[in-house]
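Counting starts at 1 for both ligands and their atoms, following the listed order.
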Amino acid sequence: MKVTVSRKAHFNAAHRLFRKDWTMEQNDLVFGKCNNPNFHGHNYELIVSVTGEIDQETGFVIDVKILSDLIKEHVENAFDHKNLNLDVQDFADLNPTAENIAVVIWNKLRKFIDADKELEIVLYETPRNFVTYKGN
Ligand code: NI
């Protein structure tokens, strides 16, 4: 019997979507307004889910306080009120799309979650646009 435990979190961050090796025209064509050289911001909403068997002693799949602290330390403290391109090393050479941010978050958290549990990241860049990454 597997159960999924989820924790919601939030961060505000700025980014610019572009490739350094493309011309401004190429970048405008593919990334549009997201290629604004002066950056733009999003209110990111994050849902981190852990799936696994219920521990028979505690009744927990994962202690949600532990999950909440992991998100706070490794995601919110790292990304909130930051410029993802300039302030966050993970995106020094990686376009900070919602897809890539979700993968970076998964990689940051995976090592803290028991190996027999599944980890899923859902990241909303806007209320209508969101991506999902489950590590495969
Ligand atoms: Ni954007």
For His40, give me all partners under side-chain hydrogen bond (donor to acceptor under 3.5 Å, both in side chains), at least two apart in sequence or on another chain.
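Once residues adjacent in sequence are excluded, the partners of His40 under the side-chain hydrogen bond (donor to acceptor under 3.5 Å, both in side chains) criterion are His15, His42.
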
State whether Asp21 and Arg19 are salt-bridged, where the test is any N-O pair (Lys NZ or Arg NE/NH1/NH2 against Asp/Glu carboxylate O) under 4.0 Å.
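Salt bridge flag = yes for Arg19 with Asp21.
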
Assess whether atom CZ of Phe130 is packed by more than 12 heavy atoms of other residues, nucleotides or ligands within 6.0 Å.
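No, the 6.0 Å shell around CZ holds no more than 12 heavy atoms from other groups.
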
Asp114 side chain to Asp116 backbone, donor-acceptor under 3.5 Å:
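Checked: no pair found.
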
I would like to know whether Leu119 and Val48 meet side chain to side chain contact (heavy atoms under 4.5 Å, CB included); could you show each step before the answer?
CA-CA 7 Å; Leu119 175 65; Val48 177; 3.7 Å; yes

With rounding to the nearest 0.5 Å, note down the distance linking CG in Asn85 to CG in Asp90.
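Those atoms lie 12.0 Å apart.
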
Residue and atom names of protein N/O/S atoms that fall under 2.8 Å from the Ni ion (ligand 1)
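Short answer, with waters excluded from the count: His15 NE2, His40 NE2, His42 NE2.
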
